[in-house]
Q: 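Have a look at this one.
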There are 2 protein chains.
Amino acid sequence: MKRYEQTTLKQIAADLKLSVSTVSRVLAGKGDRYRISAQTADRVKAEAKRTGFVPNQIASALRLKRTHTIGLIIPDISNPFFAAVARQIEMEAARRGYFIILCDSRDSTGAEVEYLKLLQSRSVDGLIISPVGRIGAHLRGLRGNGVPVVLIDRYFPDLEAPYVTSDNYGGAYEAVTHLIEYGHTQIACVRGIAGSSTADDRLAGYRAALGAAGIDYDPQMVAGDDFSESSGYAAAQVLLKSKSVKPSAIFSQGNLITFGVLRVLDEKNLAVPVDISLVSFDDHYYASFLATPLTTVAQDKESIGRDAVKLLFRQLDQGVDKITEGIHVPTFLIKRKSVAYC
Amino acid sequence: MKRYEQTTLKQIAADLKLSVSTVSRVLAGKGDRYRISAQTADRVKAEAKRTGFVPNQIASALRLKRTHTIGLIIPDISNPFFAAVARQIEMEAARRGYFIILCDSRDSTGAEVEYLKLLQSRSVDGLIISPVGRIGAHLRGLRGNGVPVVLIDRYFPDLEAPYVTSDNYGGAYEAVTHLIEYGHTQIACVRGIAGSSTADDRLAGYRAALGAAGIDYDPQMVAGDDFSESSGYAAAQVLLKSKSVKPSAIFSQGNLITFGVLRVLDEKNLAVPVDISLVSFDDHYYASFLATPLTTVAQDKESIGRDAVKLLFRQLDQGVDKITEGIHVPTFLIKRKSVAYC
DNA sequence: TTGTAAGCGTTATCAG
DNA sequence: CTGATAACGCTTACAA
């Protein structure tokens, strides 16, 4: 806050005819260690309370080179998945006396790179990021400089940085296998943004499940550009309009995508699951109340957030290069009513 | 970031045998104003680029008493309403070169007060807050100190602080009137947290609509403790179990509440709208895909976020006491299929 | 056109 | 037990 007439150590010291160091030590809780007399300590505390002293963390940060701030860059805070993860991260950070600077990259690589630079000039102590593009290089530089970084949701195979993500491969495998068990062989996949580990791993899981069942993989069965509603909408349209392909089931890679798919289904008067079966990544309250309660692959957002913070602080404690671990948090398939026998 | 060997003005100055002030002036883009020769300016810029100089905003903030940071305190970032507002706020702030420190108060007054103190010690330049409790006193103190504050979603009638909120009264009035037009007279209201302007105004709108139609207000028709799903669930249960009251329609004050209500309806095998009609505050993608597409009161979250930032910066420019304006952003009723004739 | 020096508020080191 | 002093990195009068 604009600290108009904020009390400072110096003022308290002057008022009490003590030195700033003494006041600092008392107020920093180091009175005992420096054997400040109980008397002076009390006087100082009283004066601090009287004047409403609030320590200036900016000054402290400058001196200590520790801001107690961590930067959080995510593609879209209004996506329920990221909102839930962000919430968990904020809580875990707060518990440890850290603040979160929230940066919404709007799925733009440019914005992301810009944020990275700005956060650096804000001297954040660490960074949790769900990267949009392949900014491995940038991050490598940061890590090389000793800045702790944790990737969430998406990671780079070629960047030896710690990350936390769902077991996207396993989740997709389970979802598609579920579909196959219900007799489906013509299964479409509406994918997220190509090149992201999230979309790639889910696609790999999809292919593996198909393969395990002896079903040929057909690239025509895959569509979609990113994780947005509009991409889901467009993809579902081409999938359902196609002459060469006739899906009896759809595997959607994300919650927003699913809305797009549902919109197309709605427009075409296709009912779930009688006309077409549907499984979606990401779970939410609403999934059970949809026209057809949705079968979903739920992600453990709390664990993702918690583990991300844990990995970040471990780097802070033990050094950046000691931690390169990647965590794949298990998903779980919630069976509702959007899958029927083919 | 932990700026291990970060370049500083001093280093560049030493390398170039110039003074820090010169380097500072060039790199702050004030070369012209101080008539630094193009020559030296170029040398400085080149060296800055070569060494990857990033200005230390912490030092700058200490010197200038401006952190370019604004604190955002909200009750729950995973509530889609707040997530959307937060996103807008972040974007507007970023446009102006400001960062957002995100604080999730978990609807706890204690946490909120704590955050307030911490943000103060972080010297944020301003504060946007959706208050949980009646912390008017705290905020008054801040404003008295010249700290810009904007309230969102909820406001205090007794605090002359600027705020931005939906026209909750009007939105509720319209929703309930809509119900009445469909012949309902036994309309229950599942409310949010008592004492919040949001819940109070929506209740007032509800009562006014009833009154305008000559329907008596029955306190038994009102239940609910806060804006959570569990509160909605509990409230709907008492409402539907009650002997003294038989609602044919429900007006839910929030999106999470609505999930609770739906859960009860589901358990009791009550269908919307044939057995009971339902209107809910807050709109979302999912509302149109629910078993019964939901009639909702949509809030203009973008405007709320945008206006909040606008009011904040106006205070920054013109002084805190100049701005005390309250903005009520219009809502709009989206009619879908959850309301039927009684 | 450039340099000097003071100061933002804190903390750490050294001294007593 | 307490104090003086330097330093963190930057900005800005004031000088030259």
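Naming convention: chains lettered A, B, ... in sequence-line order (proteins, then strands); numbering from 1 in each chain.
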Q: From the set C:dT2, C:dG9, D:dG9, return the single nucleotide nearest to any side-chain atom of B:T8.
A: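 Looking only at side-chain atoms, B:T8 lies closest to D:dG9.
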
Q: Among D:dC10, D:dT2, D:dG9, which nucleotide sits nearest the side chain of A:T22?
A: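 Nucleotide nearest to A:T22's side chain: D:dT2.
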
Q: Can you work out whether A:V20 or A:S37 has the more 5'-proximal nearest nucleotide on DNA chain D?
A: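 It is A:S37, whose closest nucleotide lies nearer the 5' terminus.
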
Q: Sequence neighbours left out, what passes salt bridge (Lys or Arg N to Asp or Glu O under 4.0 Å) with B:D153? Give chain and number order.
A: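 With sequence neighbours excluded, B:D153 shows a salt bridge (Lys or Arg N to Asp or Glu O under 4.0 Å) to no residue whatsoever.
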
Q: Could you list the donor-acceptor pairs under 3.5 angstrom formed between side-chain atoms of residues 37-50 of chain A and any protein atom two or more places apart in sequence or on another chain?
A:
residue : atom : partner : partner atom : Å
A:S37   : OG   : A:T40   : N            : 3.2
A:S37   : OG   : A:T40   : OG1          : 2.5
A:T40   : OG1  : A:S37   : O            : 3.0
A:R43   : NH2  : A:L16   : O            : 3.0
A:E47   : OE1  : A:R50   : NE           : 3.1
A:E47   : OE2  : A:R50   : NH2          : 2.9

Q: Could you say whether A:I58 or B:S19 is positioned toward the 5' end of DNA chain C, judged by the nucleotide with the nearest heavy atom to each?
A: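 Result of the comparison: B:S19.
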
Q: Measure from the side-chain N and O atoms of B:S197 to the backbone N and O of B:Y155, and report whether any donor-acceptor pair falls under 3.5 Å.
A: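 Yes, because the side chain of B:S197 sits within donor-acceptor range (under 3.5 Å) of the backbone of B:Y155.
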
Q: How many Å lie between CG on B:D42 and P on C:dT1, as a whole number?
A: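 After rounding, the gap between these two atoms is 14 Å.
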
Q: Can you tell me the distance, in whole Å, between the CG atom of A:L64 and the P atom of C:dT10?
A: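 That distance rounds to 12 Å.
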
Q: In whole Å, what is the span from the CZ atom of A:R35 to the P atom of D:dC1?
A: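 Roughly 6 Å, once rounded to whole Å.
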
Q: When all nucleic acid strands are considered with a 4.0 Å heavy-atom cut-off, which category describes B:L18: base, sugar-phosphate, or nothing?
A: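 Sugar-phosphate only.
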
Q: Return the nearest nucleotide to the side chain of A:T40; candidates are C:dC8, D:dT2, C:dA12.
A: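 It is D:dT2.
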
Q: To the nearest Å, how far apart are A:Q57 CD and C:dT10 P?
A: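 Roughly 9 Å, once rounded to whole Å.
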
Q: Could you state the atom-to-atom distance from CD of A:Q11 to C1' of C:dG9 in whole Å?
A: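 Nearest whole value for this atom pair: 11 Å.
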
Q: Collect all protein-nucleotide pairs involving nucleotides 13-16 of chain C in which both atoms are nitrogen or oxygen and the distance is under 3.5 Å.
A:
residue : atom : partner : partner atom : Å
C:dT13  : O4   : A:R25   : NH1          : 3.3

Q: Give one of base, sugar-phosphate or nothing for A:S60, where a contact means two heavy atoms less than 4.0 Å apart.
A: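 Sugar-phosphate, no base atom in range.
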
Q: According to salt bridge (Lys or Arg N to Asp or Glu O under 4.0 Å), who are the partners of A:E114, at least two apart in sequence or on a separate chain?
A: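 Salt bridge (Lys or Arg N to Asp or Glu O under 4.0 Å) check on A:E114 returns nothing, list empty.
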
Q: Could you list the residues that satisfy ring-ring contact (aromatic ring centres under 6.0 Å, His included) with B:Y98, not counting sequence neighbours?
A: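 Scan of B:Y98 (ring-ring contact (aromatic ring centres under 6.0 Å, His included), adjacent residues dropped) gives B:H68, B:F313.
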
Q: Taking B:E302 first and then B:R87, would you say they form a salt bridge - that is, a charged N and a carboxylate O separated by under 4.0 Å?
A: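 No, B:E302 and B:R87 are not salt-bridged.
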
Q: Bend across the helix from C:dT1-D:dA16 to C:dG16-D:dC1, to 10°, with axes taken over 5 pairs at each end?
A: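 It comes to 50° between the two terminal axes.
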
Q: With a 4.0 Å cut-off, would you call A:R106 and A:E112 a salt bridge?
A: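 No, this pair does not count.
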
Q: Between B:I36 and B:L62, just flag the one whose closest nucleotide in DNA chain C comes earlier from the 5' side.
A: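 Its nearest nucleotide being more 5', the pick is B:I36.
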
Q: Do the side chains of A:D307 and A:K310 get close enough for a salt bridge, i.e. N-O under 4.0 angstrom?
A: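 Salt bridge flag = yes for A:K310 with A:D307.
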
Q: Can you tell me how far the CG atom of B:L102 sits from the CD1 atom of B:I77, to the nearest 0.5 Å?
A: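 Taking CG in B:L102 and CD1 in B:I77, the distance rounds to 5.0 Å.
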
